[in-house]
Amino acid sequence: MKVAITGETAHARAELVGRAVAAGLNMMSSVSRHTSALVTNEPASDSAKARRALAESVPVIDEHTFLRLLADVRPGAAHEATAVVVAPVAEPEAEPVVGPVEPVSATSSATPVPEPAALPTGTPGVSVAAPRQPVPSAHTLAKPLAARRVLVLGGVHVDAAAARTRVVELGGSAAVNLSASVTDVVLLPDGEGDRRMGRITALGLPVHDLHWLTAPTAANQGASAPLRPWEPHVMPRGGVIDLPMPHGRPAPEWHVTAGWAPQTDCEIDIVAFLLDEDEQVTFDEDFIFYGAPESPAGTVRLLTGGPAEQTITLNLASLPPATRKVVVAAAIDGAATFGTVGAIQIAAAPGDSGAPLTRATLDAATTERTMLLAEIYRRGPVWRMRAIGQGYDHGLEALARGYGVDIAD
């Protein structure tokens, strides 16, 4: 059965679609005479889907009824090349923006950020304001790992994920690779055998056990590496941030980088989809992947940075008006899952400066083989970025078909 959803929903749209697909339904992004039902909590809606459902005499049911019926889906006739449609969470009209970064424009009345806090963008004459550093306060004291970047080694996935969550709760940023920004290392069971320990010892990074995350204080951080003058804003899963607009325009180019711990038994591919207002690609060329690493106009490109890091670059100012959203996703080639890979970290930086404006650690995977990492989307004149972290058990082919890409059998 083909089913479509329109309007606001009490449950996340991705959850409704996932449960429906698991029950065997074919979730669609539009309504036609072949649609079996339209799900909406607003039966009097004037949306295009609702109007088409009325014209085609398609049954309309509410969300509660739909969820109840999902418990009793019966087998039907199988269709070849059935597509899985991935629908992101519908955004409310007044969505709160996570983080202190505000759009910067020539007419803004906000208090200007001091020059030393500007991020280089790699383009002469353009700078983007970095997050302001908080003045020490009771709130700051409650976040003892503020401006620190902690790498967790060892332990099973669930324990390592819990440790990284604790790092973020304490105001820090969780790392998944040993980079120049790491200030501390936490060892879980078997962490001593990690091949990165030799490099950690050579760098003189402070190494702690799990108890350190109970209540780290300034006293036991005294030997840590010097802190950077600013730290990128840390987004939680589902967090949203406005991408600054110097002089009222998007920065010339944004780099969205995904990183993970080095793998020996699988390969991870980063891909991107350029979507219209119906969450579909306009052309197959709007699917950016290892086989087609650049969009026809060159506005979106895939860059490989080694076996554990890949980057999607976006020229937001040059994207066609029909492109309302760019979704960045990851897929595993083979039978491995993201539960065995562990955390995936994403970061967004203006230009190729390498200085990220924001980052997020996505750590909730289990059996998934594809994962939506982030979406960069238009909200009026502003571009926003959302950290997603939504995974699916199906492969890249089904994910691409869900976004309207014509995949040859």
Side-chain angles (χ1 to χ4, degrees), residues 98-100 131-239 241 259-262 308 338-347 356 358-366 387 389:
V98 177
R132 298 179 178 90
Q133 286 305 297
V135 176
S137 62
H139 175 73
T140 304
L141 296 177
K143 301 290 186 180
L145 295 186
R148 309 195 76 81
R149 190 146 164 73
V150 181
L151 175 64
V152 177
L153 298 182
V156 297
H157 175 62
V158 64
D159 292 338
R164 285 187 284 263
T165 298
R166 177 60 178 163
V167 168
V168 174
E169 290 173 349
L170 294 169
S173 174
V176 297
N177 282 321
L178 180 59
S179 62
S181 62
V182 170
T183 60
D184 298 87
V185 177
V186 169
L187 288 185
L188 300 184
D190 300 324
E192 299 88 346
D194 192 287
R195 62 182 182 179
R196 290 169 285 186
M197 279 304 299
R199 179 63 176 163
I200 290 169
T201 302
L203 292 173
L205 292 175
V207 178
H208 316 274
D209 60 22
L210 184 60
H211 299 291
W212 179 70
L213 293 178
T214 304
T217 63
N220 58 25
Q221 293 180 28
S224 298
L227 300 181
R228 295 186 294 172
W230 61 271
E231 176 70 13
H233 174 68
V234 178
M235 283 197 300
R237 185 174 179 232
I241 191 170
W260 52 89
F338 280 107
T340 57
V341 170
I344 301 289
Q345 180 182 277
I346 57 172
T358 185
R359 64 162 55 101
T361 301
L362 308 175
D363 218 358
T366 53

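Considering all non-hydrogen atoms of both residues, Pro262 and Arg196 come closest at CD-NH1, 4.5 Å. Closest of all the heavy-atom pairs between Ser173 and Arg359 is OG-CD, 3.1 Å. Nearest approach of Ala343 to Thr361, heavy atoms of both residues: CB-CG2, 3.8 Å. In terms of heavy-atom proximity, Ala387 sits nearest to Leu362 at CB-CD2, 4.4 Å. Closest of all the heavy-atom pairs between Ala308 and Ala261 is CB-C, 4.5 Å.
Every residue was checked against the side chain to side chain donor-acceptor pair (under 3.5 Å) condition with Arg237, not counting sequence neighbours, and none meets it. Every side-chain contact (heavy atoms from CB on, under 4.5 Å) that Asp159 has, sequence neighbours left out, goes to Val156, Leu188.
Arg166 contributes atom CZ, which lies 10.0 Å from atom CG of Leu210 (distance to the nearest 0.5 angstrom). The CD1 atom of Ile200 sits 11.0 Å away from the CD atom of Glu192 when rounded to the nearest 0.5 Å. Within the model, atoms CZ of Arg199 and CG of Asp194 stand 14.0 Å from one another, a figure rounded to the nearest 0.5 Å. To the nearest 0.5 Å, the span separating CH2 on Trp212 from CG on Leu145 amounts to 4.5 Å.
Residues Leu203 and Val182 form no side-chain contact, since every pair of their non-hydrogen atoms from C-beta on lies 4.5 Å or further apart. Leu153 places a side-chain heavy atom less than 4.5 Å from the side chain of Leu187. Between Pro236 and Val168, every side-chain heavy-atom pair lies at or beyond the 4.5 Å cut-off. Side-chain contact between Arg164 and Gln345: absent, with no pair of heavy atoms (C-beta onward) separated by less than 4.5 Å.
In terms of modelled atom types and a separation under 3.5 Å, the side chain of Thr183 and the main chain of Arg149 share a donor-acceptor contact. Remark: the backbone N or O of His233 is paired with a side-chain donor or acceptor of Thr358 at under 3.5 angstrom.
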Original post:
Going through the checks in order, is the side chain to side chain contact (heavy atoms under 4.5 Å, CB included) test met by Leu213 and Val167?
Top reply: CA-CA 7 Å; Leu213 293 178; Val167 168; 3.9 Å; yes

